[in-house]
There are 2 protein chains.
Amino acid sequence: MNPEPTPPSRLDLPDSSRGVLRRLATHGPATRPQLAKILGLSRPTMSAVMPELMRLNLVGSSGSSRGATGRSAALYSLAPGAGHVLGVEVGATRARVVAHSLDGEQIAAREERVSARRRNVTEAAVATTTELCEKLLAEVGDGHGPLRDVVVAAPTKPSSKPSTANTSGLQPDGVEQLAAALPVPADVPVIVENNVNCAAIAEHRLGAAQNQDTFVYLQVGVKIGLGIVVDGKLMHGAHGASGEVAMMPFPWSPDEQPARAGLEEYLGSEALMARCADAWTDSSGPVPKDPEALFEAAARGHSTARRLVDQHATDIGRLAVGVMSVLDPGLVVLGGGVGQNQLLLPGVRRATTSLAWDTEITVGALGEHATVLGAVHLAITRALDRLT
Amino acid sequence: MNPEPTPPSRLDLPDSSRGVLRRLATHGPATRPQLAKILGLSRPTMSAVMPELMRLNLVGSSGSSRGATGRSAALYSLAPGAGHVLGVEVGATRARVVAHSLDGEQIAAREERVSARRRNVTEAAVATTTELCEKLLAEVGDGHGPLRDVVVAAPTKPSSKPSTANTSGLQPDGVEQLAAALPVPADVPVIVENNVNCAAIAEHRLGAAQNQDTFVYLQVGVKIGLGIVVDGKLMHGAHGASGEVAMMPFPWSPDEQPARAGLEEYLGSEALMARCADAWTDSSGPVPKDPEALFEAAARGHSTARRLVDQHATDIGRLAVGVMSVLDPGLVVLGGGVGQNQLLLPGVRRATTSLAWDTEITVGALGEHATVLGAVHLAITRALDRLT
DNA sequence: TCTAGTGTTCGGTAGCTTAACAAACTCAAC
DNA sequence: GTTGAGTTTGTTAAGCTACCGAACACTAGA
């Protein structure tokens, strides 16, 4: 009966229709007069656009909104069948998959530890993630329209020369392989995006950076990384290596030579815990096993722990100054296993204000979910860009 | 007779006309069929556009181009009366003013030392520059259409708190004052742009970065600064402080505290010459007075000079690595009194490749003229953006 | 004179607009 | 209640701008 039951993936719509579609996806339901006012269109144009978008099964009318006086207006929103996207996070120890509709509503989510029994981490991660995706797609079913985009968040590195299997991280070509192996139709675009960049996007859309179109997300954990958002868009650099602050020269002084990735070696949580073990000479309790334990001890007032945390905060602040001195981001959002700890904030701020100009520093609002959420939101953005 | 002898500053043209105008300005003369092909327009559209643009005195036809066969096509280019712009460079010791037409051809140029006799540098610079502008505008006369934009290149600093007169640089509000005092009609837009940013633009349009849309311009001289171009556009940051690499934490190691602007104190040419004086213990000639003399000595093979230059190159390379680790620019163009010296290049490259991934490093192609040229090209860009 | 280009005229279309009108809803007077 | 006044929503009609394709006229060299 219907000439087009499922919307085509490649659309040929006038600007007005694109604008309406995009607006409904990004800002939720609205009435015709509201859309007309916001987009600068006339009512007759809306009269042409809305039926067309409904015919394509991209928007649907749901309920009505009546004001204080006058005729009540119909409410329009994205149709359930307009489509959905996948966000995939694949880390060394954990895999997550999330499905959202194009208006940002979550449809389904799954998460699993990567079993370390298999031969190597990359292979295990790929297998786990693939299975997870399959289950999730089965759960989503057909009720949400076509799958329009998939973004895989992974700890990518720029100079991706093939190397032997390691246990501390994922291999870049392993990730590419995963992207190719995902159980999705061949015509669905799949990309891999750096996990820190994804987290930055999430904080921009849903978290601590909603009011800033230009900011950086500084992740401090086992490794350190930086996601840069300028005018609402991710910066990638010439080799996809922007934000590789592990490479920042450190130590660097008139008498000391920087080492390759020396900063990561010093600021990573492994080094932090090593310093902790060295410094832990007093008898008030056992040596903290992981950063969480260290921060807990510091929160309890343990003097050695406090000193260690303070020093770490100062160093993170100096790293932030290094970034600020290049970018002047206006806002620095801290994230990652270590960086997201509120206890660091005063020390970081002290370091930045003493070395540079005032810049807002916050802790990310989304915690460890930032990465998947960023991936899925990037997928939404890409799907809408292609659609409109 | 003519209804519009001078083109209006605010135009209401269809997209096709804007495209033609922009193309002629940025890529020089062309025929109708060429323009139609490049811009994706039809011949009837060109038939409407060209007379309209000629009526507005924005383009003119000059000569004809005949191919191997068929009728010869008329050549069109920007009309002489389409307008012109000014680039102004105001430094602590030197002022330059340049006038270009919208297609980038130089109309006139002047340059003068800032006399230091007056009360303070800022005042002297403002006075000198104003006079220079007046003379230049008189020289240009009326034959080049309206003055459409003015860009002043100056060593701006972000946190522009009013301070007492100093002799080492210009005061930010002094520069603002200059922008207001320039002898140009009130309706001509005047902006102040950082001098390093201007130099970056010049290298992008005319110099060493013509093939890269994303790169950085690293200026090393008395001070150090960075201009960032991403996708062909300058980055300014939240406070106009992006590129303030003088603030990069230095010295920074497990045992050393960074000082505010410590890197500039170490990498600036004053510090370089101080180290030179300290190290210059041998008897083979007098102590070099300025960086040029030092580099000359190094070029002659003087061992102490070579060592100093090598060390400086290494440190500049480390600074470049700091920038690369944030931005991954793909190309670093070196400029400034010290940085533009070819002798530094091998040492800088050695440092960057040992600490990070491969990135092209070059010396700027425009020397000390980069700044004015950048200012005038920025003015052209702004004028065209407003016009189209 | 043939051929292959350049430029113009004519008619048509997409994508908007404003103006006028019809439909729907609230409120308040009777 | 009923009824009309006032207000807002949605549709219809007519017109405008900025483009396009097709057909035709106009050079210029072979």
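Here is the naming used below: chain letters follow the sequence lines, and residue numbers restart at 1 for every chain. Side-chain atoms are counted along with the backbone in the values below, which use heavy atoms only and exclude waters and symmetry mates.
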Q) With respect to the phosphate group of C/dC25, does any side-chain polar atom (N or O) of A/S72 fall under 4.0 Å of OP1 or OP2? A) yes
Q: Name every residue in residues 34-48 of chain B that has at least one heavy atom under 4.0 Å from any atom of DNA chain C, in order of residue number, or write none if there are no such residues.
A: B/R43, B/P44, B/S47
**Q.** Whole-Å distance separating the CG atom of B/L13 from the C1' atom of D/dT17
**A.** 13 Å
Q) Which pair of non-hydrogen atoms, one from A/L137 and one from A/P183, has the smallest distance, and what is that distance? A) CD1-O, 3.3 Å
Q: Could you tell me whether A/R148 and A/D187 make a salt bridge, using a distance below 4.0 angstrom between a side-chain N and a carboxylate O?
A: no
Q: Indicate, with a heavy-atom threshold strictly under 4.0 Å, whether B/T31 touches base, sugar-phosphate, or nothing.
A: nothing
Q) Between A/R18 (CZ) and C/dA14 (P), how many Å, whole number? A) 16 Å
**Q.** Integer-rounded Å distance: C/dT6 P and B/Y76 OH
**A.** 12 Å
(Q) C/dT26, OP1 or OP2 - any side-chain N/O from A/R66 closer than 4.0 Å? (A) yes
(Q) Looking at every non-hydrogen atom in both residues, tell me the closest pair between A/V229 and A/A200 and how far apart they are. (A) CG2-CB, 4.2 Å
Q) Can you check the B/D12 CG to D/dT17 C1' distance for me, whole Å? A) 11 Å
Q.
Whole angstroms only, please: what is the CE-P distance between A/M50 and C/dC16?
A. 14 Å
Q: Answer yes or no: side-chain N or O of B/R71 and base N or O of D/dC26 forming a donor-acceptor pair under 3.5 Å.
A: yes
Q.
Under a 3.5 Å threshold, yes or no: a donor from one side chain and an acceptor from the other, between B/H236 and B/E193?
A. yes
Q | Sole residue of B/V59, B/L24, B/L78 in side-chain contact (heavy atoms from CB on, under 4.5 Å) with B/L53 | A | B/V59
Q) Quick one: do the A/H204 and A/D213 side chains pair a donor with an acceptor below 3.5 Å? A) yes
